[in-house]
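All remarks here apply to the structure that follows.
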Amino acid sequence: MDYQPKDIEREVRNFWEKNRILQLLMKMREKDNVGVLGFVEGPPTLNGFPHIGHARGRIMKDLRFRWKTMQGYYVPFWAGWDCQGLPVELEVEKHLGVKNKRELLERVGEGRFVEECKKVIKKYYEAWLECDRKLGLFIDHGRAYWTYHDNYIEREWQYLKRAWEQGLLGEGYYVVAYCPGCQTSLSSAEVGYEGAYREVEDPSLFFKMKISMKENEFFLVWTTMPFTIVTDMMLAVHPEAEYAKVRVGDEVWILAKQRVEPVMEKLGIEKYEVIEVVSGKELEGIKYEYPFKDIVPKQKELDELSNVHVVVCEDFVDVETATGVVHLSPGNGEEDFIAAQKRNVPIYVPFDDECKFTDEAGEFSGLFARDADQKVIEELKKRGLLVNVETILHEYPTCWRSHHKLIWLARREYFLWTNKINSKIVEAAEKVEYFYEPPKNRFLSFLREGKPWCISRERVWGTPLPVWKCEKCGHKVLVATKKELLERALKSSEEEIELPELHKPWIDKITLKCEKCGGLMKREPFVLDTWHNSGASPYARFTDQEFEKYVPVDFLVEAIDQTRGWANSLLLEHVILTGKAEAPYKAFLFYGFVLDAKGRKMSKSLGNVIEVNPLLEKYSADLCRFYILWKCSPIDSMNFDVNEMMKRPYQVLSTIYHLHRFFMQNAEYDGFNPQKFSLEWAEKNKLLRQTEYWLLSKLQETIEEVTKRFEKCEFNFAMSKLEDFVVDVISRQYIPMIRRELWSDSPKTLNRRLAIYSTLWHVLKNTILLFNPATPFLSEFLYQKLYRQFDPSLPESVNFEKWPVADPKLRNIKLEEDFELLTKCISLVYSARQLAGLKRRWPLRKAVLIIPEEAKLSIQNLKSLFLELANVKEVEFSEKLPENYDAKRWSLASEGELTVLLDTFRDKSLIGEGLMRDLARRVQALRKDLGFVPTEILSEVHIANLSKESLGLIQPFLEELSELVRARKVYLHEEKPEIKAEEWHEFQLDKEKVNITIIP
RNA sequence: GGGCCGGUAGCUCAGCCUGGUUGGAGCGUCCGGCUGAUAACCGGAAGGUCGAGAGUUCAAAUCUCUCCCGGCCCA
């Protein structure tokens, strides 16, 4: 029976489900364990189908779970689903065919929209369940958490309550990308969508900013967004760069020294002179004349402040382009905004929701932002400040839906002021184990930026911000439980307050009475950033008691992009909640992306997305699991290639399967009973030989190495070690060493065969245990079909077994080295045979090994094995190559310190034996072709058309031949005899043609 | 534009941290062999300016710098 992984997997899946193996396992470990390892599922967002990148993470999670569970730990490996947020909303919008938020609210309404969101979640949930089932994930779906459920949301609110109490939650400005067409702000994810960046036309404007108190000195500034000059608050230079004062006519212009030449060339100014060079640092603090004070009264007012309209130093200033002097509009740019916040510069944002200037913008009032460009240019020209204007083409982010050019706007939002506790956060993060340096550095450097976290979103499907604000006095309260809300809610009449769930639109109907002034309090209309929603899972998904027990959790694994996502929000929220410099996880493995076979990112537009469910319709889950773990380090990006998967990885799993078949065929035939013929039994009766001790030693090495690699999350190295053990050690080396012994069915050697079975039983069983975390289907299948058949006293599932522990007593490094040397010498013998054209099955008289003294002892130790594998009658040792050996007779091969001389002379007896083995091989091939099982004994084998000479040569080995081919009698004929043969088969035997037939 | 990761045989990857004998493995190709567990396996051969350049050193795939190419994250 061939290896049919898909059939195996179907059968095992049914077995697990029917016998509730996962549930039994959980119960067993919950009751009886060597320790508890906390876990919380990084919830997949239910806005799409699982793809191979998701599978990569899930496979590693499952590996960790199965491995740690086998070690005896209890792990609450319970599922969880991320249900809210923009990604889900966008999926629903697509489904409903609405183009933007306004249309959504008008046409669909919030209530129905929320219901549609839930429908979408359900749909994708089914797909994810199927994915986990196919992958063989032992995650408990019965205990899953859902981020949109009321109980989850209420516990999520507790984080906000803690932040509120500590003064870490409040209002502020934040710069967001805003689409003037859709009239909504966009998330950063949307800004990064494929195709969002487009080549667009913009003005390219050089203008001057006059320095106050100086007659003719100016800063030369460049921008592609003239309208931002209306909201200009500062000029920025790079502190370390050199700036030149350049005389142009009777004016002095200041710009980056390295930019003088290119800019002057660009502006067509030939006559100029650099009169002084200063560092950016020296320019700091210079006040300049804001040009539109006369037409923008608010700017005139702001200009009175000492920190407005001055030069500042910022590292982000790029002196490689333009003039190296940047003007800052905190209301229209993120870096500008942060620079302003650092210096307590007020944020001036005179825009309404349609992105038109408000009355605060003086003469620009009523103009749409981008339409103000022209007026700005004219006004500059009027004041003699315009230097040059033209049009350029450049890449600029546009709205992925409407393709309007995006505008960056500071808007009032709610923040967690995590910047205030940044040192605690960084300290907490530094204590975490990340397994690899690069992702750790990436995460820590991101955290050290210490930006405040904008948690409000102007959307619908999310956790509502539980803050109510008084319309009259502006007083705010945070109400963090449903119970309290209902108690405090204002009742319009006698009717009951209805709050079916903690979502918009229902929650917005709740109004409160202001405790300060008695005014009406309405909820702030925001929902929370969905990352806050999932980041609350350690507290929100557990009970208080469970939280105590499982958090900080032991080990998490998510994709590398989660450094800015879940890993971050988990950490920030946990530090806020506990007030401690402690992360909610002790270890976090960030894994790399999965790319397509050619190394391209998977995307819908390329059509190269590999979805898990269709993939596993066609391919084996075990194989995908093994391949993904095996191919490269978890932190590397991985090119997923099914053709590659079907080569070496397939071979490894197939070999495990066939090793078991081989074992079973033989062991069954000899009536092996593992309880009776244990390894101890074999040992006690001195039935084990060096081959077995060597194999057992290699097993210990493998157990040790795999465990060590698992600890360090070096799954690829663990898999290579297993690959090597299965393919090289067992299949390629050990089996050929004992094959001849197993082929015999003599009762005299039965005990020896049983000893081999006891060794194979032990080694193979440990092997499938080591494989179980990676290939749970195959391991379970073999466990049920082989191990539990032979030994019904074994536990019900392979998952109930204990993880193997290396036994140092079985380790014999010297013996391993001897075997390594043996392998090398045998290779040399084959090489020498090759040169002389002598087949491996032809026995030869003698091999001479010219090897160092210690090596000689090693080979002598393994002499009989050497003779069998080399297929020579005797071996001799020599210290050096004889000076005048007969090169015609002796074939030589050498490598390094090792040299082999092989006697190529064959007498009649050797030729006859070789011929016999040739014939045996032909008969065996025929047996197999004709469908005889290996153990079946044939009554007669006839071999005809042999030359007289061959006949004579073979005669002495006839008995051995019949034993080899398992026939009662073998007859040799010169010509085809007249017997009742089924059919004669012709074979080419070197130059002769022989005919063979079998009579069963 | 910024940051990070990668570039080693036709392909997929080790080796680099801690510099030192002729730079490895698997797959693929060619020749030959072996095989009653295997979709395998074994021997041999062909195949590398270790992305490019410079530096440090007695010595560089390995350390430093610059550049080029690919990928990712963020602007």
* State which of A75(B), U38(B), C41(B) makes the closest approach to the side chain of Glu334(A). => A75(B)
* Asked: Would one find a side-chain N or O of Arg564(A) under 4.0 angstrom from OP1 or OP2 of A75(B)?
  -> no
* To do: Verify the contact: side-chain N or O of Arg732(A) to OP1 or OP2 of C42(B), cut-off strictly under 4.0 Å; return yes or no.
  => yes
* **Short side-chain donor-acceptor distance under 3.5 Å, Asp529(A) and Trp453(A)** => yes
* Are any of Ser827(A)'s side-chain N or O atoms less than 4.0 Å away from OP1 or OP2 of G43(B)? -> yes
* Identify whether the distance between the nearest side-chain nitrogen and carboxylate oxygen of Arg917(A) and Glu960(A) falls below 4.0 Å. => no
* Glu741(A): side-chain hydrogen bond (donor to acceptor under 3.5 Å, both in side chains) partners, not counting sequence neighbours -> Arg689(A), Arg752(A)
* Residue Phe593(A), side-chain atoms from C-beta onward, closest of C73(B), G71(B), A37(B) -> C73(B)
* Which nucleotide in A75(B), G26(B), U38(B) has an atom nearest any side-chain atom of Ser654(A) -> U38(B)
* Asked: Hey, is the side chain of Lys631(A) poking within less than 4.0 Å of OP1 or OP2 on C13(B), counting only N and O atoms?
  -> yes
* Looking for any heavy atom pair under 4.0 Å, which part of the strands does Tyr830(A) touch: base, sugar-phosphate only, or nothing? -> sugar-phosphate
* Structure fact -> Per atom distances to the Asn639(A) side chain, the nearest of G15(B), C13(B), U38(B) is C13(B)
* Counting any heavy atom closer than 4.0 Å, what does Arg966(A) reach on the DNA or RNA strands: base, sugar-phosphate only, or nothing? -> nothing
* Do Gln651(A) and Arg648(A) have side-chain atoms, one donor and one acceptor, less than 3.5 Å apart? -> yes
Produce the list of close N/O pairs, under 3.5 Å, pairing protein atoms with atoms of nucleotides 30-35 of chain B; give distances to one decimal.
| residue | atom | partner | partner atom | Å |
| --- | --- | --- | --- | --- |
| C34(B) | OP1 | Arg841(A) | NH1 | 3.4 |
| U35(B) | OP2 | Arg841(A) | NE | 2.9 |
| U35(B) | OP2 | Arg841(A) | NH2 | 2.8 |

* To do: Would you indicate what Gln651(A) reaches in the nucleic acid, counting non-hydrogen atoms under 4.0 angstrom: base, sugar-phosphate, or nothing?
  => sugar-phosphate
* Assign Ser445(A) to base, sugar-phosphate, or nothing according to its heavy-atom contacts below 4.0 angstrom with the strands shown. => nothing
Produce the list of close N/O pairs, under 3.5 Å, pairing protein atoms with atoms of nucleotides 4-8 of chain B; give distances to one decimal.
none

* Asked: Is Glu701(A) salt-bridged to Lys698(A), cutoff N-O under 4.0 Å?
  -> yes
